[in-house]
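First up is the structure itself, then whatever we jot down about it.
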Amino acid sequence: MDTKQITDRERRFLTAVLPPRQTRKSQEDRLKALAGAFQTTALSISGAGIITPLFTGQGQVHVSSQGMILAGCIALIVETISLLILAFIRYPEDGKEDADHE
């Protein structure tokens, strides 16, 4: 579609409906938020699967070492995913930062 054929009304509608162009900073913030969600999930899994059974009484709940190992492995996998997401963030190289920080 040729942009010269778009009327002013259509242009205003598209501006309202479509999201703005994603900047490097907004992409970085979204990736950090996603990685934070994965890290929170990893902490929840390790807390529910490892820490809670250790603090409960031995007579009340049977502590399964296999369950604790499984929870630890799942938490490790989820934490690895969060670190991989953080690896996608491109930071500026040294010396190429904004001049107003100097």
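Throughout, residue positions are numbered sequentially from 1 according to the sequence presented.
Checked against side-chain hydrogen bond (donor to acceptor under 3.5 Å, both in side chains), Thr15 has no partners two or more places apart in sequence or in another chain. Checked against salt bridge (charged side-chain N to carboxylate O under 4.0 Å, His left out), Arg12 has the following partners two or more places apart in sequence or in another chain: Asp8. For Thr52, the side chain to side chain contact (heavy atoms under 4.5 Å, CB included) test picks out Thr56, with sequence neighbours left out. For the side chain to side chain contact (heavy atoms under 4.5 Å, CB included) test, residues two or more places apart in sequence or in another chain that qualify with Arg24 are Glu28, Pro92.
Minimum interatomic distance between Ala48 and Pro53 (heavy atoms only, all atoms of both residues): O-CD, 3.5 Å. Pairing each heavy atom of Met68 with each of Ile50, the nearest pair is O-CG1, 3.6 Å.
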Give every donor-acceptor pair under 3.5 Å between a side-chain atom in residues 71-84 and any protein atom, sequence neighbours left out.
unit_1: Thr80; atom_1: OG1; unit_2: Leu76; atom_2: O; d: 2.7
unit_1: Ser82; atom_1: OG; unit_2: Glu79; atom_2: O; d: 2.6

Under 3.5 Å, side-chain donor or acceptor atoms of residues 37-45 against the rest of the protein: list the pairs with distances, not counting sequence neighbours.
unit_1: Thr40; atom_1: OG1; unit_2: Gly36; atom_2: O; d: 2.9
unit_1: Thr41; atom_1: OG1; unit_2: Ala37; atom_2: O; d: 2.9
unit_1: Ser44; atom_1: OG; unit_2: Thr40; atom_2: O; d: 2.9

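With values rounded to the nearest 0.5 angstrom, Ser65 atom OG is found 11.5 Å from Leu70 atom CG. For the atom pair CG (Leu34) and CD1 (Ile85), the distance works out to 4.0 Å, reported to the nearest 0.5 Å. Rounded to the nearest 0.5 Å, atoms OG1 (Thr7) and CZ (Arg9) are 7.5 Å apart.
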